Visitor: 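One structure, pasted below without further comment.
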Protein chains: 2
Amino acid sequence: MNAKKKLSSIAELAALVGVSKSTVSRALGGSSLVNEETKARILAVAREYDFQLNLPARYLSLGASRTIAFVTQACCDSGDKPDLFGLEIMGGVAAGLDELGYDMLALYVAPEDDDWIARYFDSGVVAGFILMTYENKPRQLELLAEREAPFITRGLGEGRYCSVNGDNRRGGALAAERFLSRGRRRPAFIGGPADDPEVTERFAGYRSALAGAGLEPAPARVAYGDFSEESGAAAMAALLDAAPELDAVFAASDLMAIAAMRLLASRGKRVPEDVAVIGYDDLRLASYVSPALTTVSQSVTLTGKLLARDLVAYLQSGQVTNRVVPVELIARDSA
Amino acid sequence: MNAKKKLSSIAELAALVGVSKSTVSRALGGSSLVNEETKARILAVAREYDFQLNLPARYLSLGASRTIAFVTQACCDSGDKPDLFGLEIMGGVAAGLDELGYDMLALYVAPEDDDWIARYFDSGVVAGFILMTYENKPRQLELLAEREAPFITRGLGEGRYCSVNGDNRRGGALAAERFLSRGRRRPAFIGGPADDPEVTERFAGYRSALAGAGLEPAPARVAYGDFSEESGAAAMAALLDAAPELDAVFAASDLMAIAAMRLLASRGKRVPEDVAVIGYDDLRLASYVSPALTTVSQSVTLTGKLLARDLVAYLQSGQVTNRVVPVELIARDSA
DNA sequence: TTTGGGATTGCAACCGGTTGCAAGACCGGG
DNA sequence: CCCGGTCTTGCAACCGGTTGCAATCCCAAA
C-alpha cells in the first residue's frame, strides 16, 4: 500500500504535484502566499507519501537549528555518580522541548572542558543551551555570555540571564516549620558551599522561620558541605561533635541528608526519634531509603518544562526571564 | 587578544590563507590531497581563529549526520517514573559516542508513537538509533527494520540486528550460587514477563545452577511480574501465600526486589535472616535501600559504551554484532 | 628537448531547503 | 479599453560545506 517510493526532496514532491519548489516550501511552512486550494493539494500528497523535509538543509538555509543542548556533568569513567538531579530534570526538559518542536541534544561535559560552546554553538548544531553543571558553573556562564550564546540555567539568574529557580527561601522555611511543629528546638543545618546563593537563600528562609518562633540557629549547629554524600557525612560528624544536643538536621541536598542519616545511625542515634532529618531535592532515591526521607521537593518535571519554554521564548523574543517555581514539603518518615 | 572577528565559513578562512575552499575543506578533513605545508598553514589559521565548520551544511553535503538518537520511554506527564536503568546507561552511551565524534540526541517517545522513526531518520537529523524502550519494543524493532534504519538495542538481537546484552544466563546462575553458598535450599524466583527472552535466560541459569546442587525450583516458588515495583510486591505476596516455606527470593529487577523486601517486612519476615533477596540491574538505588540490596550488576557504563561503538561500527561497515557483556554479583546485605 | 606522470590546487556542480523579486492572471474603477 | 492593485506562482540566488574533474607545475626519464 504505502510502498510508494520515498520522496527525498521538496523538488520531487513539487514535480509530483506539478508546482515549483518554492510553492511547496511555502505550503509546508504554512505561508499565506499560497492559494488555499493548492496548499491543500500539496499537503495531501505530502501526507500520502509521508514526506519529511531534510532538516540539515533547512537549518543551513535558515541559519539556525531547532536543537537545544542539555548540558550536564560528565560522570567520568568508572561507575561514577551521575548527577541524579540533573537527569531527573532532563525528562521534563525533553517533554517541554518536544511540545515546542525542538529536539534535545544531551551533552555530558567534563568540568575542565571549555570548548563545547564553540563546538556546538559556532558549528550551528544547537540553537541554545540548558546549563545544569555544578562545578565551574560561574565560569561556564561567563563563557556563554561572552559568546552571546543563548542559554538558561537552573538556579540564580540575577536578571542578567535566563533562569528557573526553586523558591529556596520558602524551602528553608518549610523545613524549619516542620521541625518546629514536631517540637524540635535545637535544629542544625548542613549547607552546600557557603557561597552558593541557593544555599544562603535556603539558610535565610530557615533562619527567619526559626526566628518567628523565637529560636536562633546556634553557629555550632551550622556546617557546610558540597552537596555530596561524603561531605554530608563529614559535616554531620562535625556537628555531632560540636553540638551533641542537636535534635534535628536540615541538609541542603538529599544525598547529604542520606549520608547524615547513616552517620547518625552509626553513632547510635535514631531517626527521627532522636534526630529528625530533612533533605532537599526529592530525588527518586528519597522515598527508598529508610526511614523514608522527608524532603523539600522542587518539582522536577515542572522545572524542566519551564527551562524549555523560557529558553525558547528567549530565543524568539530575547526576553530574559527569572522564574521561581514553588517548592513543597514532602512529609515522609525521617522528620 | 582573541577578539578577531569570527570566521563563519570555509570561504572566509580560504580567503584569509589565500587558497581555495576546496583546499581548506580537504585540509580540515585530513585528506592526503593537500601539500603538508599548506595543510599546516591552514590548520594554524583555523586554530588561531578557532574556526568551526558548519555542521548542518556538512551533513547536507554528506547526506548523513553524526548524531545518534537514544530512544527511551517518555515518562508521561506527572512525577512519573523515568526509566532509571535507561538513564544510567545513557551516560555510558554519551561517553562512547563522544569518543567516536558522534552526538547524542535524547528522544523520549510515547509507547503508542510510531512516527518518530520517520521524523528523525527520514529527515536526516540522526544517523541511527539506540533503542531502550520496553513497551512495544518488538513492534518498534520491526518498524525500524522495515525502514532500514540503522539501530542497536539492549537485549536480544538474535543475529538479525545489532544488540548488546548482559549475560543473563550467568546472572541467574550467580544468584542461585549465592543462595546455595548461604545455605538457602528453598529459593523463589520473580521474573519479568514470562515471555521475555531475557527473563527466560535468567531463569534458565538460575535453575541449572540449582540443579547442580540437586535442587529444583518448585513451581510454587516461581512468579512473574513486569519489572515494576507494584508487580514485584504482588508477586511476592502471591509467593508467600503459595510457598510460605521459601527462604530466598531472586527478582529479575532491582525495583521488584525492593518491593519484595518491603512486602516481606510488612509480613514480619526479616531480610536476610528469614528470606535472602537478590535483585538485578544494580541501579544506583540498590545501595541505598536497607538492607542494601545484593544484586547482579550489568555494568551500565560498559554496556553504554558498547552500544555506542557497535552501532557506529554497524553504520560504517554494516557489521551486525550481538555482544554479550559479563555480569557480576554485587554482594551487599540482603543476601 | 620532449614526454609522461605524480603531486597540488582550483573550478564548478551539487546537497535540499528558503526567500527576494519579477512576472502573469485576474479584478474593479475610471 | 486602459490602468493600478491584489493574488499566486516561479526563477534563481544563497546558505556552507564536499568532491569529480580539469589544470598547472615540477621533475625525471627518454
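Owing to the predicted nature of the structure, the values given are computational and were not obtained by experimental measurement. Any value given below was found using the heavy atoms of this structure, including those in side chains, with hydrogens, waters and symmetry copies removed. Naming convention: chains lettered A, B, ... in sequence-line order (proteins, then strands); numbering from 1 in each chain.
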Visitor: If I take atom CZ from residue B:R160 and atom CG from residue B:L141, how far apart are they, to the nearest 0.5 angstrom?
Guide: 8.0 Å
Visitor: In a check of side-chain hydrogen bond (donor to acceptor under 3.5 Å, both in side chains) between A:S163 and each of A:N322, A:T153, A:D310, which one passes?
Guide: A:N322
Visitor: Side-chain contact test, heavy atoms from C-beta onward, threshold under 4.5 Å: evaluate it for A:Y102 versus A:V312 and give yes or no.
Guide: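 Side chain of A:Y102 against side chain of A:V312, heavy atoms only: contact under 4.5 Å found.
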Visitor: Check each of A:F70, A:Y120, A:W116 against A:F129 using the ring pair (Phe, Tyr, Trp, His ring centres under 6.0 Å) test, and report the only one that passes.
Guide: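 Passing option: A:W116.
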Visitor: By nearest heavy atom, map A:T38 and B:I10 onto DNA chain D; which one lands nearer the 5' end?
Guide: A:T38
Visitor: Is there side-chain contact between B:L13 and B:Y49, with at least one heavy-atom pair below 4.5 Å?
Guide: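 No, every pair of side-chain atoms sits at 4.5 Å or beyond.
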Visitor: Report the distance from atom CG of A:D122 to atom CG of B:D50, rounding to the nearest 0.5 Å.
Guide: 7.0 Å
Visitor: Within the structure shown, what part of the strands sits under 4.0 Å from A:L53 by heavy-atom distance: base, sugar-phosphate, or nothing?
Guide: sugar-phosphate
Visitor: Under 4.0 Å between any heavy atoms, over every strand shown, what does B:L33 touch: base, sugar-phosphate, or nothing? Just pick one.
Guide: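 Since a base atom lies under 4.0 Å of B:L33, the category is base.
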Visitor: What are the 5'-most and 3'-most nucleotides of DNA chain D lying under 4.0 Å from any heavy atom of chain B?
Guide: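 The contact span of chain B on DNA chain D goes from D:dG16 to D:dG20.
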Visitor: On DNA chain C, nearest-nucleotide positions of A:S8 versus B:V19: which is more 5'?
Guide: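 That would be B:V19.
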Visitor: Considering just the side-chain nitrogens and oxygens of B:S22, establish if one lies under 4.0 Å of OP1 or OP2 belonging to C:dT9.
Guide: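 Answer no for this pair, as no side-chain N or O of B:S22 is under 4.0 Å from OP1 or OP2.
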Visitor: Rounded to whole Å, how long is the line connecting atom CG of A:N35 with atom C1' of C:dA25?
Guide: 12 Å
Visitor: Let me spell it out: for each of A:R26 and A:K21, pick the nucleotide of DNA chain D with the closest heavy atom. Which residue's pick is nearer the 5' end?
Guide: A:R26
